[in-house]
Amino acid sequence: MATLVEKITDPSVHPQVVAGCLQLIESEVGSKSGLSGAAVKAGYKVVKTLKPGIIEDAVTKLLPEFATALQPMYERSGAPEAGERSGQVFSDHLVAHQEKAADALLGVTDRKAQGAKNQTLKKTYDRLRGSAKTHVTAAIPGLARTLGRFA
């Protein structure tokens, strides 16, 4: 059985997975409101302005690590044995366990942020980290739909 990493980094689908994730990010950032939403939008704009293309680069580079972090959930979902329904089974499992999925993804970004050399990016991440779990958890259904198409 193929792992989640193998499935979503397969050269025939990887560009589509990255594009889907980028659409999800834009949609999630755009949907934020209030003070917390303003902080997310401002932080996102700083990152995109500081280094154009960084979001796509980050998604491309982090996707295998995110998939590795989600692999235990992929296995627990029963997706590897679900055949044609594997993507839907995995999506349903992620949605049912949004907080665990968010923790797995944030574990990856926390490790990356700790090792970041760019202090502006690191400070921006640190400022947003307090509300990150709320935002990432809210994005899990969209991520589940995106990854489920390829899992």
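Nothing fancy with the numbering, it's 1 onward along the sequence.
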Could you go through the side-chain hydrogen bond (donor to acceptor under 3.5 Å, both in side chains) check for His135 and Ser36 one step at a time? CA-CA 10 Å; His135 296 299; Ser36 156; 3.0 Å; yes
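- Although no hydrogens or angles enter the test, the distance criterion places no donor-acceptor pair under 3.5 Å between the side chain of Ser86 and the main chain of Ala82.
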Under the side chain to side chain contact (heavy atoms under 4.5 Å, CB included) rule, what do Leu147 and Ser91 come out as? Steps first, then yes or no, please. CA-CA 7 Å; Leu147 295 182; Ser91 291; over 6 Å; no
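- By the rule that hydrophobic residues join a cluster once side-chain heavy atoms approach within less than 4.5 Å of another member, Val46 and Val29 end up as members of separate clusters.
- At most 12 non-hydrogen atoms from other residues, nucleotides or ligands lie less than 6.0 angstrom from CD of Glu56.
- If you take NE2 on His97 and CG on Leu70, they are separated by 13.0 Å, rounding to the nearest 0.5 Å.
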Set out, in order, the CA-CA distance, both residues' side-chain angles and the distance that settles salt bridge (Lys or Arg N to Asp or Glu O under 4.0 Å) for Arg111 and Glu65, then state yes or no. CA-CA 11 Å; Arg111 285 189 299 278; Glu65 291 181 62; 5.3 Å; no
Less than 3.5 Å apart, which donor and acceptor atoms pair up between the side chains of residues 102-110 and the rest of the protein, not counting sequence neighbours?
from: Asp103; atom 1: OD1; to: Lys133; atom 2: NZ; distance (Å): 3.0
from: Asp103; atom 1: OD2; to: Lys133; atom 2: NZ; distance (Å): 3.2
from: Thr109; atom 1: OG1; to: Leu106; atom 2: O; distance (Å): 3.1
from: Thr109; atom 1: OG1; to: Tyr125; atom 2: OH; distance (Å): 2.8
from: Asp110; atom 1: OD1; to: Tyr125; atom 2: OH; distance (Å): 2.4
from: Asp110; atom 1: OD1; to: Arg129; atom 2: NE; distance (Å): 2.7
from: Asp110; atom 1: OD2; to: Arg129; atom 2: NE; distance (Å): 3.4
from: Asp110; atom 1: OD2; to: Arg129; atom 2: NH2; distance (Å): 3.0

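- Residue Leu63 is grouped with residue Leu4 when hydrophobic side chains (ILVMFWY) are merged at heavy-atom distances under 4.5 angstrom, including chains of intermediate members.
- A single hydrophobic cluster is seen to contain both Ile140 and Val40, as judged by linkage of ILVMFWY side chains at heavy-atom distances under 4.5 Å, directly or through other members.
- Put simply, the side chain of Pro141 reaches to within 4.5 Å of the side chain of Gln98, judged on heavy atoms.
- Just one of Gln88, Lys100, Met73 meets the side-chain contact (heavy atoms from CB on, under 4.5 Å) condition when paired with His93; it is Met73.
- Looking only at atom types and distance, the side chain of Tyr74 has a donor-acceptor partner in the side chain of Lys7 under 3.5 Å away.
- Heavy-atom contacts from other residues, nucleotides or ligands closer than 6.0 Å to NZ of Lys32 number more than 12.
- Counting non-hydrogen atoms of neighbouring residues, nucleotides and ligands closer than 6.0 angstrom, the NZ atom of Lys41 exceeds 12 such neighbours.
- Both Val136 and Leu62 belong to a common hydrophobic cluster when Ile, Leu, Val, Met, Phe, Trp and Tyr are linked at side-chain heavy-atom distances under 4.5 angstrom.
- Partner Val59 forms a side-chain contact (heavy atoms from CB on, under 4.5 Å) with one of Ile25, Val17, Leu24 and no other, that one being Ile25.
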Test side-chain hydrogen bond (donor to acceptor under 3.5 Å, both in side chains) on Tyr44 and Glu28; report intermediate values, then the result. CA-CA 11 Å; Tyr44 186 68; Glu28 287 295 319; over 6 Å; no
